[in-house]
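Structure first, commentary second.
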Amino acid sequence: MPELPEVETIKNELIPHVAGRLIIGVVVDDDRLVRPYSIGEFCHKLLGQRVTRLSRRGKYLMFHLSSSNVLIAHLRMTGSLVINSTGDEAHTRAVLQLDNGDQLAFVDRRRLGVMWLAKNEDEVAAKLGAEPLTAEFTAEVLAKKLQCRQAPIKAVLLDQAVVAGIGNMYADEALFAARIHPLKKAGDLPSREIEKLYKVIVNVLQSAIENKGASVDTYKRPSGEQGTAHYEFNVAHRRGETCHVCGTAIERIAIRNRGSYFCPNCQKL
DNA sequence: CCCGGAACCTGAAGGC
DNA sequence: TGCCTTCAGGTTCCGG
């Protein structure tokens, strides 16, 4: 699933193909993909625009346009952005043709992904919590977001208004790295553990970016290549396998209907 | 505001 | 071989 490290990788690898380019063709064949306009209006407003730069906020990818509008993409569960796919790519929902000959395809098996045209990026950025790899994210900021919350820490970490960009995999990985049980009440964490959690969130995300994201399920980079971050997972998607630290079998429980993987020995309630 | 669950969506996987 | 159910999880919406 595309979380912050995956979207960051996609952004970085799209920049050489897309930044500064003119959009000379737009094809959309799924009316649920685009907002807030009809397919026709959406294509019309995009055609002839130049992509001045790309940016990312949380799991949102922004294409800044010469009209000063922003094309915002969210890949949700199974979306991917592919440069120059061979044409037989299944589940292609939209294709942008660029003036350098490159084609950018939005591919999404489960059709939950969205692209929309916004006046500016604040339309999504405003409701998000701190951006974890910037100076605005500190242990104090995290502590403030966690205090008084009665929900399990795992559920709170998935709240994009707490920290932007953390999803199911990296929440599990961060909680393991901090040795915190996913069901522990967020508001009960002592400041020492919040400090630790803050540090490992940054480390886990940075290291996953260095590995170009985790290719579990359908994630792939714009080139079609896979990321390698999942090879370093300690708990995510490792039910029944042994803990790298203590050898105990990794367990999976459901929290808010999300699979949560943890080591019952390293992460005690 | 906070919390938990359902809905959205489709392909894979497992049970019988 | 095939039908059916369950599972995957990012976001949004809704009821308590």
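Proteins come first, then strands; the chains are lettered A, B, ... in the order of their sequence lines, and each starts at number 1.
Here the nucleotide nearest the side chain of A:K59, chosen from C:dT11, B:dG4, C:dA8, is C:dT11. Listed nucleotides C:dA8, C:dT12, B:dC3 differ in distance to A:R76; the shortest reach to its side chain belongs to C:dT12.
Atom name C1', nucleotides B:dA6 and C:dT6: the rounded distance is 16 Å, in whole Å. If you take atom P in B:dC9 and the same atom in C:dC3, they sit 24 Å apart, rounded to whole Å.
Under the 4.5 Å side-chain heavy-atom criterion for ILVMFWY residues, a single connected hydrophobic cluster contains both A:L96 and A:L81. Under a hydrophobic-cluster definition in which Ile, Leu, Val, Met, Phe, Trp and Tyr are linked whenever side-chain heavy atoms come within less than 4.5 Å, directly or via other members, A:V162 and A:L205 are assigned to the same cluster. Hydrophobic cluster membership differs between A:I72 and A:F42, with clusters built from Ile, Leu, Val, Met, Phe, Trp and Tyr side chains linked at under 4.5 angstrom. Each of A:L189 and A:L183 belongs to its own hydrophobic cluster when Ile, Leu, Val, Met, Phe, Trp and Tyr are linked at side-chain heavy-atom distances under 4.5 angstrom. Placement of A:F106 and A:W116 in two distinct hydrophobic clusters is found when ILVMFWY residues are connected by side-chain heavy-atom separations under 4.5 Å, directly or transitively.
Using a 4.0 Å heavy-atom cutoff across all strands shown, A:M1 reaches sugar-phosphate atoms only and no base atom. Nucleic acid contact class of A:R258 (heavy atoms, under 4.0 Å, all strands): base. When heavy atoms are screened at a 4.0 angstrom cut-off, A:G113 is found touching no nucleic acid atom at all. The residue A:R111 sits close only to the backbone: its heavy atoms come under 4.0 Å of sugar-phosphate atoms, none of a base.
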Watson-Crick and G-U pairing of DNA chain C written in dot-bracket, each distance under 3.5 angstrom, with | for inter-strand partners: .|||||||.|||||||
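Using a 4.0 Å cut-off, no side-chain N or O of A:H74 falls inside it from OP1 or OP2 of C:dT12. Taking side-chain N and O atoms only, A:R252 has a distance below 4.0 Å to OP1 or OP2 of C:dA8.
The six-membered or imidazole ring of A:Y261 lies away from that of A:F176, with a centre-to-centre distance of 6.0 Å or more.
The aromatic rings of A:H74 and A:Y60 sit perpendicular, their planes meeting at an angle over 60°, well past the 30° parallel limit.
Checking each of A:M169, A:K220, A:R221, A:M1 against A:E6 for a side-chain contact (heavy atoms from CB on, under 4.5 Å) leaves exactly one that passes, namely A:M169.
Of the two residues contacting DNA chain B, namely A:R109 and A:R149, the nearest-nucleotide position lying further toward the 5' end is that of A:R149. Both A:L112 and A:K127 sit near DNA chain C, but only A:L112 has its closest nucleotide nearer the 5' end.
Side-chain atoms of A:K212 and A:N12 form no donor-acceptor pair, as typed in the model, at a separation below 3.5 Å. Between the side chains of A:H64 and A:S55, at least one donor-acceptor pair of N or O atoms lies under 3.5 Å.
Contacts with DNA chain B (heavy atom under 4.0 Å) in residues 159-168 of chain A: none are found. Residues from residues 170-189 of chain A that place a heavy atom under 4.0 Å from any atom of DNA chain B: there are none.
In this structure, A:R35 forms no cation-pi arrangement with A:Y37, as its terminal cationic atom is not both closer than 6.0 Å to the ring centre and no more than 45° off the ring axis.
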